[in-house]
Amino acid sequence: MGKYFGTDGFRGEANVVLTVEHAFKVGRYLGWYYGQEHKARIVIGKDTRRSSYMFEYALAAGLTASGADAYLLHVTTTPSVSYVVRTEDFDCGIMISASHNPYYDNGIKLINGNGEKMDEETIALVEDYLDGKVEVFGETYEEVPYAHKDRIGCTVDYVAGRNRYVGYLISLGMYSFKGIKVGLDCANGSSWNIAKAVFDALGAKTYVINAQPDGTNINANCGSTHMDELKARVVYEKADAGIAFDGDADRMLAVDEKGNLVDGDQMMAICGNYMKQKGRLKKNTIVVTIMSNLGFTLMGEKEGIHVEKTKVGDRYVLENMREHGYNIGGEQSGHVIFLDDNTTGDGLLSALHLLEVMVDTGKPLSELAAIMEVLPQALVNAKVPNHKKEHFMEYPEIADAITELEKKFNGEGRVLIR
């Protein structure tokens with residue numbers, strides 16, 4: 001990870017960690033960097049945080065000042081930005097969101113021309129510019145030049161791009177959802193004006209909660225990090241399933257008809273086995289991270305599916321899928337990549353695939369989820385200084401705790417340190 005950008009972009013409290021000046025400079029650099037041989041075209045999406053509008057305008061100002069045209073999708077999901085970038089010949093995309101974080105945080109996610117997370121080399125150049133250094137293309141520059149006269153860029157209202165993404169999702173529906181009742185928790189975030197339209201168009205009966213964003217209520221006791229309201233609503237309405245999105249809808253968690261959580265591991269087990277039965281699971285493999293539940297590995301052994309494991313982070317999952325030609329992978333958190341359909345985790349897409357299995361098999365979600373036994377799992381954080389993260393075993397409290405746990409498990413469990 002870099003100085004500013006982590007695995008999920010440049011993220012922090014708005015105008016404290018991530019400031020409007022940062023956003024302007026990110027726009028300035030990207031507009032110039034991609035505009036060396038042509039006028040750059042860069043698309044921007046944002047979630048519903050109050051500060052997202054401020055960052056949108058700052059990014060657009062920076063892009064146009066450097067000569068790029070900025071296409072504004074307005075409030076939309078991260079995967080929609082990814083889709084628009086790769087299908088409509090944009091140089092790159094920018095998503096303004098801090099995902100599941102509270103409203104006062106925000107973030108800038110950079111997406112390359114293939115609809116994937118920006119490569120680390122380009123991000124390193126952006127970070128250098130934030131620190132006042134411009135060394136690129138074999139030259140050193142005092143400053144990124146401003147565009148002049150007719151070379152100054154323009155902003156384009158591009159809500160049509162978001163609408164095309166919605167149409168694309170609807171076009172993927174192989175089955176009608178008529179007769180299916182679905183609860184949708186939009187987290188007062190990016191999915192608030194998209195999710196219902198997609199499921200309604202496919203025939204489902206929808207019960208929507210937390211779709212009244214006011215700029216400060218995104219993720220507030222709702223969405224994929226707070227599932228209790230959705231669980232209760234699904235049971236009350238006698239719905240077949242519930243879907244909870246995070247703030248930018250690049251991931252989702254589900255609820256079965258009994259009100260039980262169905263997490264990302266379980267969704268991959270359900271969809272992966274279904275794809276195998278249909279002959280669509282490439283190389284008979286599902287890619288997960290080392291944080292995946294041990295029950296997922298045991299499921300793979302039982303069902304004859306190879307489970308490939310990567311470092312934590314959807315970036316590493318996608319890299320592995322690309323390198324080896326796999327087509328489903330993701331994280332327990334609900335960030336699932338269906339690579340045949342999109343190049344990033346997509347909560348809406350994952351929900352469509354999950355309901356597809358339910359409709360085609362005629363089985364309730366609770367029965368489908370039973371293909372995998374979720375084994376007990378605990379996450380414990382130990383705080384150490386940043387410069388000691390790679391040498392945590394030097395702390396006797398941590399080393400002793402690991403040794404004690406390994407003795408207690410006696411080969412019937414695992415201790416994962418990251």
Side-chain angles (χ1 to χ4, degrees), residues 173-187 195 198-199 202-210 222-246 251-278 280-281 286 288 292-305 307 328 330-336 338 346-377:
M174 294 179 61
Y175 298 93
S176 168
F177 293 160
K178 187 174 181 179
I180 298 291
K181 297 195 291 185
V182 185
L184 300 173
D185 185 342
C186 296
V198 171
F199 285 93
L202 291 170
K205 171 66 175 176
T206 54
Y207 302 93
V208 183
I209 59 175
N210 299 310
C222 59
S224 60
T225 53
H226 300 87
M227 302 282 289
D228 288 345
E229 184 180 358
L230 179 63
K231 290 177 179 179
R233 186 64 181 270
V234 166
V235 173
Y236 175 78
E237 300 289 357
K238 295 182 172 58
D240 298 287
I243 307 296
F245 302 101
D246 67 339
R251 62 187 177 95
M252 73 88 171
L253 295 176
V255 174
D256 70 20
E257 76 283 359
K258 299 177 181 179
N260 299 313
L261 173 68
V262 178
D263 66 16
D265 285 342
Q266 292 168 290
M267 286 189 286
M268 286 187 286
I270 293 167
C271 294
N273 274 278
Y274 176 77
M275 292 165 66
K276 180 188 176 187
Q277 294 165 15
K278 296 290 184 179
R280 303 203 310 251
L281 183 62
I286 303 174
V288 298
S292 178
N293 190 273
L294 180 59
F296 190 89
T297 301
L298 299 177
M299 177 281 302
E301 293 174 356
K302 180 182 176 183
E303 302 297 331
I305 292 176
V307 177
I328 179 173
E331 300 180 287
Q332 188 182 69
S333 62
H335 200 132
V336 181
F338 290 90
D346 187 333
L348 282 158
L349 179 63
S350 297
L352 294 178
H353 278 296
L354 188 64
L355 264 66
E356 174 190 345
V357 181
M358 292 171 58
V359 170
D360 190 31
T361 63
K363 295 179 180 180
L365 185 51
S366 61
E367 182 179 343
L368 291 170
I371 193 170
M372 171 190 157
E373 180 184 2
V374 180
L375 299 177
Q377 187 174 7

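Remember, it's a predicted structure, so these values are computed and weren't measured experimentally.
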**Asked** Hey, mind stepping through M299 and N273 against side-chain contact (heavy atoms from CB on, under 4.5 Å) and telling me if it holds?
**Response** CA-CA 10 Å; M299 177 281 302; N273 274 278; 3.3 Å; yes

**Asked** Which atom pair, heavy atoms only, marks the closest approach of A195 to F245?
**Response** CB-CE1, 3.8 Å

**Request:** Give the intermediate values and the outcome of side-chain contact (heavy atoms from CB on, under 4.5 Å) for residues L352 and F199.
**Result:** CA-CA 8 Å; L352 294 178; F199 285 93; 4.0 Å; yes

**Message:** Would you compute the distance between atom CG of D240 and atom NZ of K205 and round it to the nearest 0.5 angstrom?
**Reply:** 13.0 Å

**Prompt:** What are the two closest heavy atoms between L253 and G264, and how far apart are they?
**Reply:** CD2-N, 3.8 Å

**Message:** Restricting to non-hydrogen atoms, name the atom on A269 and the atom on I371 that form the minimum distance, rounded to 0.1 Å.
**Reply:** CB-CG2, 4.0 Å

**Request:** Any chance you could measure D185, atom CG, to M252, atom CE, to the nearest 0.5 Å?
**Result:** 12.5 Å

**Message:** I need the minimum non-hydrogen distance between E257 and V235, along with the two atoms involved.
**Reply:** O-CG2, 4.3 Å

**Asked** Which heavy-atom pair separates S176 from V359 by the least distance, and what is that distance?
**Response** O-CG1, 3.9 Å

**Item:** Interatomic distance, M174 atom CE to K278 atom NZ [nearest 0.5 angstrom]
**Value:** 7.5 Å

**Message:** To check you understand the geometry: which heavy-atom pair defines the closest contact between A239 and V182, and what is its length?
**Reply:** CB-N, 4.5 Å

**Asked** If we only count heavy atoms from C-beta on, is the I286 to V307 side-chain gap below 4.5 Å?
**Response** no

**Message:** Do C186 and V208 have side chains that approach each other closer than 4.5 Å (heavy atoms only, starting at C-beta)?
**Reply:** yes

**Item:** Separation between CG of L375 and OG1 of T297, rounded to the nearest 0.5 Å
**Value:** 9.5 Å

**Asked** Could you state the interatomic distance from CE (M227) to CZ (R233), rounded to the nearest 0.5 Å?
**Response** 14.5 Å

**Prompt:** So do Y175 and D360 actually touch side chain to side chain, heavy atoms under 4.5 Å?
**Reply:** yes

**Asked** Do other residues, nucleotides or ligands put more than 12 heavy atoms under 6.0 Å from the NZ atom of K276?
**Response** yes

**Prompt:** Are the side chains of F296 and Q332 in touch, meaning some heavy atoms are under 4.5 Å apart?
**Reply:** no

**Item:** Donor + acceptor pair across side chains of D246, S224 (<3.5 Å)
**Value:** no

**Item:** Inter-residue atom distance L281.CG - I305.CD1, 0.5 Å rounding
**Value:** 5.5 Å

**Prompt:** So N293 and M372, side-chain contact (heavy atoms from CB on, under 4.5 Å) or not? Walk me through it.
**Reply:** CA-CA 10 Å; N293 190 273; M372 171 190 157; 3.8 Å; yes

**Request:** Begin from the C-alpha positions of I270 and L365 and carry the test side-chain contact (heavy atoms from CB on, under 4.5 Å) through to its verdict.
**Result:** CA-CA 9 Å; I270 293 167; L365 185 51; 3.9 Å; yes

